[in-house]
Amino acid sequence: MDAATGATVGGMRWKRLIPAAMVVYIISFMDRTNISYAFAGIGEEFAVSKADQGFAAGIFFIGYTLFQIPGGLLATHWSPKKAVGIMILLWGCAAIWCGLARSFDELVVARFVLGVAEGGVWPATLVLINNWFPMSERARAYSFWMTNLAIASIITQPLSGFIVDLTNWRTMLLIEGALPFLIATPVWSLMVADRPRDAAWCSAAERDFIETSLAADAVGEPEASSFRRIFAEPAVWLLVAVSFFIQVGFYGLNMWLPSLLKALTEADFGAVGLIAALPYCTAIVFMWANGWWVDRNRRYQRHVLLSLVLAAVSLVASVMIGQSFVILSVFFICIAVGGALSYEGPFWAAASRAVPVAAAGAAAGLINAVGNLGGFLGPRLGGILLDMSGGQFVTTAIALAASFLVAGLLMLMVRLRRDKMAMA
């Protein structure tokens with residue numbers, strides 16, 4: 001069974017599961033990152049520094065870490081559909097609480113709870129994808145799904161900017177906090193099934209292709225793996241380190257991107273939001289291309305490195321050029337964001353091959369959990385460096401670029417299970 005065969009048996013798995021998973025994570029990512037447009041209002045209303053604003057953004061990832069492994073295990077041993085459905089409702093409540101916070105301390109607590117509520121969505125969705133897509137399609141499936149990160153930013157940047165310009169930061173958080181109830185819950189409930197055998201809309205030919213291909217992928221794999229064994233896998237900890245340094249760079253860039261573009265263009269937040277959507281349009285193209293390319297040569301580690309080197313070099317170039325050539329600087333920001341996101345498909349395809357199939361859900365939870373602690377450090381580090389430099393972005397960009405490069409070099413050290421088998 002290969003990718004060509006899969007294309008001839010029907011594609012409902014591509015038409016229903018991937019779009020539904022994208023919609024859910026787009027709204028999740030929106031509620032996670034829209035605080036970047038609230039920074040100015042939070043700083044003024046609560047009289048806090050940029051470092052504190054970065055802390056409020058980053059505390060999300062401390063909470064996010066707590067439910068990653070439980071979320072992966074819950075999806076593996078119970079139901080990814082039900083697990084994510086419950087989490088959607090919980091994060092919606094927490095997102096609305098952020099908009100109602102009466103003090104900076106309460107906002108920090110609400111952001112922490114939001115992180116806990118969203119924590120299991122990523123590993124649970126990875127489990128769902130692993131249930132539906134064989135290895136020959138998985139990098140593309142991951143890449144298509146993970147374009148939600150770019151699409152979410154394309155929507156979030158202008159929407160949040162215009163709402164803040166027209167109203168205030170609280171109204172923006174409340175409006176976007178209602179979307180899990182209005183959109184994510186009905187879409188997920190109607191479109192998703194845990195496995196091909198649970199879906200009446202999946203044809204017999206497509207179901208047989210998926211189940212036969214997954215069985216072939218599992219040949220030679222152990223039937224089960226203990227939770228303790230995951231912690232003993234060196235590849236898992238290397239992937240954790242790679243993910244950590246990537247998230248430092250990405251969320252440091254993502255959370256401070258509106259401030260960077262505002263300083264660069266001197267425009268209002270509505271215009272900044274439109275400009276900030278451009279890098280994520282670039283990212284969609286990069287993510288699709290990288291997923292398509294790596295599914296053909298299976299050189300996952302090299303494709304991750306290439307993406308991150310591109311992000312690092314372009315980010316530094318953008319701030320070095322600065323206001324001297326604004327259009328060229330924005331162009332390099334687009335390339336930097338494209339590189340910072342296009343690693344996703346190859347990375348998670350590699351992660352799914354680094355551990356036994358039976359342990360993939362919990363391993364993904366561990367990698368995403370500890371790795372996303374970088375999402376706490378990145379915005380905080382960016383705020384500290386901006387305070388120290390008087391609002392200049394050069395030092396911040398160099399630090400974030402260095403984090404991307406470290407991640408890319410570490411990725412070259414990862415050995416996948418079939419690589420190890422071949423060496424043996």
Side-chain angles (χ1 to χ4, degrees), residues 22 25 29 33 61 122-123 125-126 129 138-153 235-254 257 279-316 332-354 363-364 366-375 377-378 397 400-416:
M22 288 176 68
Y25 215 80
F29 192 77
T33 59
F61 293 96
W122 185 274
T125 306
L126 287 178
I129 290 174
R138 202 164 290 167
R140 277 170 294 154
Y142 289 158
S143 293
F144 290 159
W145 171 51
M146 291 170 189
T147 57
N148 65 64
L149 301 175
I151 296 171
S153 295
V236 171
W237 290 108
L238 269 174
L239 290 165
V240 165
V242 172
S243 180
F244 176 84
F245 284 106
I246 290 173
Q247 303 314 324
V248 170
F250 174 70
Y251 281 106
L253 173 58
N254 178 274
L257 181 61
Y280 296 97
C281 294
T282 306
I284 291 176
V285 177
F286 280 32
M287 292 175 80
W288 284 349
N290 210 20
W292 175 86
W293 189 8
V294 79
D295 261 344
R296 279 149 181 76
N297 62 33
R298 307 293 176 90
R299 295 178 177 177
Y300 303 106
Q301 298 95 322
R302 295 184 187 180
H303 281 260
V304 173
L305 173 64
L306 177 64
S307 300
L308 298 177
V309 169
L310 188 64
V313 173
S314 300
L315 177 58
V316 173
F332 277 116
I333 291 173
C334 290
I335 302 301
V337 173
L341 283 175
S342 60
Y343 83 95
E344 293 271 13
F347 177 84
W348 287 108
S352 73
R353 295 181 61 182
L366 177 64
I367 293 165
N368 207 41
V370 183
N372 266 285
L373 290 175
L377 179 60
L400 300 180
S403 191
F404 285 135
L405 291 176
V406 170
L409 294 174
L410 287 173
M411 190 67 193
L412 293 181
M413 300 170 61
V414 175
R415 291 291 177 266
L416 309 184

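Note that the coordinates shown come from a computational prediction; the quantities given were computed from them, not determined experimentally.
- The CG atom of Leu308 sits 9.5 Å away from atom CG of Leu409, with the distance rounded to the nearest 0.5 Å.
- For Phe250 against Ala340, the heavy-atom pair with the smallest separation is CD1-CB, 4.1 Å.
- Atoms OG1 and OH, from Thr33 and Tyr251 in turn, are 7.5 Å apart once rounded to the nearest 0.5 Å.
- Using bins of under 30°, 30° to 60° and over 60° for the plane-to-plane angle, the ring pair Phe144/Trp288 lands in the perpendicular bin.
- Residues Ser314 and Ile333 fail the side-chain proximity criterion, which asks for heavy atoms closer than 4.5 Å.
- Panel note: side chain Gln247, backbone Gly378; no donor-acceptor pair is recorded below 3.5 Å.
- Put simply, the side chain of Ile367 reaches to within 4.5 Å of the side chain of Trp348, judged on heavy atoms.
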Give the C-alpha distance, both sets of side-chain angles, the deciding distance and a yes or no for side-chain contact (heavy atoms from CB on, under 4.5 Å) between Phe286 and Ile335.
-> CA-CA 9 Å; Phe286 280 32; Ile335 302 301; 3.9 Å; yes
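- Taking 4.5 Å as the limit, some side-chain heavy atom of Tyr280 sits within range of a side-chain heavy atom of Val337.
- Considering every non-hydrogen atom in both Gly249 and Ser403, the closest pair reads N-OG, 3.9 Å.
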Trace of the side-chain contact (heavy atoms from CB on, under 4.5 Å) decision for Leu377 with Phe245 = CA-CA 10 Å; Leu377 179 60; Phe245 284 106; over 6 Å; no
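- The main-chain N or O of Ser307 is never found under 3.5 Å from a side-chain atom of Ser342 such that the two would form a donor-acceptor pair.
- What you find for Asn372 and Phe61 is that their closest heavy atoms are O-CB, 3.2 Å.
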Step by step, would you call Trp145 with Trp122 a ring pair (Phe, Tyr, Trp, His ring centres under 6.0 Å)?
-> CA-CA 11 Å; Trp145 171 51; Trp122 185 274; 4.7 Å; yes
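- Contact annotation: the side chain of Leu305 never approaches that of Tyr300 to less than 4.5 Å [non-hydrogen atoms, C-beta and beyond].
- Going from atom CG of Leu405 over to atom CG of Leu400 covers 11.5 Å, rounded to the nearest 0.5 Å.
- Nearest heavy-atom pair across Phe347 and Val304 is N-CG2, 3.7 Å.
- Between the side chain of Ser243 and the backbone N or O of Leu239, no donor-acceptor pair lies under 3.5 Å.
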Worked verdict on Cys281 versus Val285 for side-chain contact (heavy atoms from CB on, under 4.5 Å) | CA-CA 7 Å; Cys281 294; Val285 177; over 6 Å; no
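- Note that CG of Leu341 and CD1 of Ile246 are 10.0 Å apart. Values are rounded to the nearest 0.5 Å.
- Considering every non-hydrogen atom in both Ala141 and Ile129, the closest pair reads CB-CG2, 4.0 Å.
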Full working for side-chain contact (heavy atoms from CB on, under 4.5 Å) between Val248 and Phe404 | CA-CA 8 Å; Val248 170; Phe404 285 135; over 6 Å; no
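- Closest heavy-atom contact between Val316 and Ala397: CG2-O, 4.2 Å.
- Within 6.0 Å of atom CH2 in Trp293, 12 or fewer heavy atoms from other residues, nucleotides or ligands are found, so the atom counts as exposed in its surroundings.
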